[in-house]
Amino acid sequence: MLTLNLIREKRDFIIERLKIKNFNAAEILDKIISLDASRREIQTKTDLMQAEMNRISKEIGSLMKDGKKNEAEEAKEKTYKLKDKIKILSEKIVPIDTELKNEIVKLPNLPHESVAPGHGADDNVKVKEGGKIPVLPESALPHWDLIKKYDIIDFDLGIKLTGAGFPVYKGKGAKLERALINFFLDEGAKAGYLEIMPPIMVNEDSGFGTGQLPDKEGQMYHADIDNFYLIPTAEVPVTNIYRDVILNAEDLPVKNMAYTPCFRREAGSWGAHVRGLNRLHQFDKVEIVRIAHPDHSYESLEEMVSHVEGLISKLGLPYRILRLCGGDMSFTSALTYDFEVWSGAQKRWLEVSSTSNFESFQSNRLKCRFKEKGEKQTRLAHTLNGSALALPRIVAALLENNQSEAGIKIPAVLVPYTGFDMIN
RNA sequence: GGAGAAAUGGCAGAGCGGUCGAAUGCGGCGGUCUUGAAAACCGUUAUUCUGUAUCCACGGAAUCGGGGGUUCGAAUCCCUCUUUCUCCGCCA
């Protein structure tokens, strides 16, 4: 959520920046500005009346003390009219406030100045490429065949237990999953991230704090009776730890990480390219989250990017890093890097991480602020997060790229975690 | 799930419906003293919105778990929700 201050002071700048995201903001901005102006006008009036009201009330208090009952009664008379006026005026504010909130949440975050304009995936900017694309024989199998061949992940069983998109990991498949989680967490710990195990269901306030609510409730599973949402990513609970929190500047950056299962309804998005592990309703992910000082948040982002890159290259996967263009970026993000790994048998790139700086967009909703030592004023912190990493597509690429007649070779860094070096 | 009690500033803990943003203690910050430190003493110590000023500053409104109500006036009374504690029941 953009701050009202920015909207008041930089209307034209916002319009220009949001063009990069192909978003026409003028109409909404003008509506907000006029709503805000009338809200403040009314607020100022009611504040004045309320001040008068408070003054009279105090007067009544001291009159009563002095035993001047008649004068107190006279003063009371004066308040009735005033009270009515205040009531009428303050009731006017309620719908204005609601509308203001409705409008302001429609505005996406401003893209960072390095973000290129564009409409879709084709306009993303490749910033780096690494690893070697494997040359596989014609007979190479896609991962959905490999998992059947070695009986390590069972989709049909998942359908029986729950439904499509809820795979069952078995034997070495389950072990590989657990190995990857532990590997990612250990690497994260080495990089200074504090491990968190959060709840995987959150309340409405948390959903709003990170921007899933309103509007995107269709993407989350909802437990009706208790009004809880299954998290689509650990970003939601881990970032919401800092909802309504005022941090000290010297505690920044806060570096947290969490492994959680993630749940996505992905309503309407099933179709091409979603076979096997490519898109699931439940999957595992390790997420890194930072709360950073606004002056240093882009340094934080770069550190996160190189951390994620390190993970992928330690696993020996061919990868590329993309800086998303305005049209492909999320509503809440100011700058996003996507990481894709090459899937040898599908012969295509699979997104395995999205690492973003949200600047103060989330923290304004979260009311996540910090205070500089000795200063009175609070400022909004910057929030960042990134997948480090999402597992299913990593598994898909590992299986496909490392297959041979003898079986599937486990990357050396994982062997201490799996306890085996081949799936066969 | 049943019965009862409670929720106040960073923490602890007062608070009769009137001058209470809130005593007191601890902690934090600044200062005096000291060669330095401790102790002692003095001062200071929340957040949000807002008006003039737009660097410092001054004024107003709101906030004592959340929401609503009674009242000229609510931390204090009423309703409701949430959370915590104690006892009973159930339970990995």
Side-chain angles (χ1 to χ4, degrees), chain A residues 1-10 32-101 103-104 197-209 213 223-229 237 240-252 254 291 360 362-381:
Chain A
M1 181 161 78
L2 298 179
T3 60
L4 260 175
N5 244 334
L6 189 77
I7 293 170
R8 272 182 217 144
E9 285 164 18
K10 302 238 170 116
I32 292 171
I33 290 166
S34 96
L35 283 168
D36 175 55
S38 49
R39 189 189 63 85
R40 278 187 342 198
E41 194 192 319
I42 297 171
Q43 188 66 57
T44 308
K45 277 188 196 161
T46 52
D47 278 0
L48 279 171
M49 286 189 223
Q50 192 61 54
E52 172 70 2
M53 191 78 173
N54 290 344
R55 197 187 56 76
I56 298 173
S57 290
K58 275 185 186 173
E59 212 174 274
I60 294 173
S62 49
L63 287 172
M64 298 287 266
K65 232 179 203 173
D66 298 344
K68 298 178 180 167
K69 264 213 164 143
N70 289 340
E71 287 174 49
E73 284 303 320
E74 270 172 48
K76 262 195 205 181
E77 291 296 325
K78 283 197 282 185
T79 63
Y80 299 137
K81 251 193 197 166
L82 201 52
K83 206 185 172 186
D84 281 344
K85 273 194 195 166
I86 291 171
K87 201 178 175 192
I88 290 164
L89 264 187
S90 54
E91 274 169 1
K92 270 191 189 168
I93 289 185
V94 176
I96 293 176
D97 237 13
T98 314
E99 212 183 338
L100 194 59
K101 269 183 200 142
E103 291 302 315
I104 205 163
M197 282 193 101
I200 58 175
M201 290 180 128
V202 295
N203 58 28
E204 249 175 315
D205 285 347
S206 295
F208 179 82
L213 299 174
D224 231 19
I225 296 177
D226 298 291
N227 196 21
F228 292 152
Y229 292 87
N240 270 284
I241 292 173
Y242 302 94
R243 171 153 48 84
D244 295 319
V245 168
I246 299 171
L247 294 152
N248 295 317
E250 60 258 42
D251 295 332
L252 301 175
V254 170
I291 313 294
S360 59
Q362 281 184 334
S363 54
N364 188 33
R365 290 178 162 227
L366 290 161
K367 298 273 151 30
C368 170
R369 292 155 296 173
F370 71 98
K371 207 185 266 188
E372 215 79 56
K373 200 172 178 161
E375 300 243 329
K376 264 205 151 174
Q377 202 137 37
T378 57
R379 290 170 67 188
L380 291 172

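All chains are named by letter (A, B, ...) in the order of the sequence lines, taking the proteins before the strands, and each is independently numbered beginning at 1.
Using a 4.0 Å cutoff on non-hydrogen atoms, the parts of residues 82-101 of chain A near RNA chain B are A:Lys83, ordered by number.
With a cutoff of under 4.0 Å to any heavy atom of chain A, the contacted region of RNA chain B is bounded 5' to 3' by B:G18 to B:G73.
Look at the C1' atom in both B:G15 and B:G21: the space between them is 13 Å, to the nearest Å. To the nearest whole angstrom, the two C1' atoms, one in B:G65 and one in B:G9, are 14 Å apart. On the P atoms, B:G2 is 37 Å away from B:G18, given to the nearest whole Å. Taking atom C1' in both B:C20 and B:U76, one finds a spacing of 11 Å when rounded to whole Å. If you take atom P in B:C29 and the same atom in B:A46, they sit 15 Å apart, rounded to whole Å. Of the P atoms belonging to B:A74 and B:G69, the separation is 12 Å, rounded to the nearest Å. Nucleotides B:U47 and B:U34, compared at atom P, are 35 Å apart to the nearest Å. When the C1' atom is used for both B:C87 and B:C78, the distance is 28 Å, rounded to whole Å.
Under the side chain to side chain donor-acceptor pair (under 3.5 Å) criterion, A:Gln50 pairs with A:Asn54, not counting sequence neighbours. For A:Lys371, the salt bridge (charged side-chain N to carboxylate O under 4.0 Å, His left out) test picks out no residue, with sequence neighbours left out. Judged as a side chain to side chain donor-acceptor pair (under 3.5 Å), and not counting sequence neighbours, A:Ser363 has no contacts. Not a single side chain to side chain donor-acceptor pair (under 3.5 Å) links A:Asp205 to another residue, sequence neighbours left out. Annotation: salt bridge (charged side-chain N to carboxylate O under 4.0 Å, His left out) contacts of A:Arg39 (sequence neighbours excluded): A:Asp36, A:Asp97. For A:Tyr229, there are no side chain to side chain donor-acceptor pair (under 3.5 Å) partners at least two apart in sequence or on another chain. Scanning for salt bridge (charged side-chain N to carboxylate O under 4.0 Å, His left out) contacts around A:Glu9 gives an empty result, with sequence neighbours left out.
Residue pairs meeting the salt bridge (Lys or Arg N to Asp or Glu O under 4.0 Å) criterion with at least one member in residues 51-64 of chain A, sequence neighbours excluded: A:Glu52-A:Arg55, A:Arg55-A:Glu59.
Residue-to-nucleotide proximity on RNA chain B shows that, of A:Asp47 and A:Asp36, the 5′-proximal contact is made by A:Asp36.
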Distance-only donor-acceptor pairs under 3.5 Å for side chains of residues 85-95 of chain A, two or more places apart:
| unit_1 | atom_1 | unit_2 | atom_2 | d |
| --- | --- | --- | --- | --- |
| A:Ser90 | OG | A:Ile86 | O | 2.8 |
| A:Ser90 | OG | A:Lys87 | O | 3.2 |

Derivation of the side chain to side chain donor-acceptor pair (under 3.5 Å) call for A:Asp47 and A:Thr44: CA-CA 5 Å; A:Asp47 278 0; A:Thr44 308; over 6 Å; no
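Counting only Watson-Crick and G-U wobble pairs whose two key distances fall under 3.5 Å, RNA chain B forms stems of three or more stacked pairs at B:1-7 with B:82-88, B:10-12 with B:24-26, B:27-32 with B:40-45, B:46-52 with B:57-63, B:65-69 with B:77-81.
Residue A:Leu2 comes nearest to A:Ile104 through the heavy atom pair O-CD1, 3.6 Å, listed as atom of the first residue, atom of the second, then distance.
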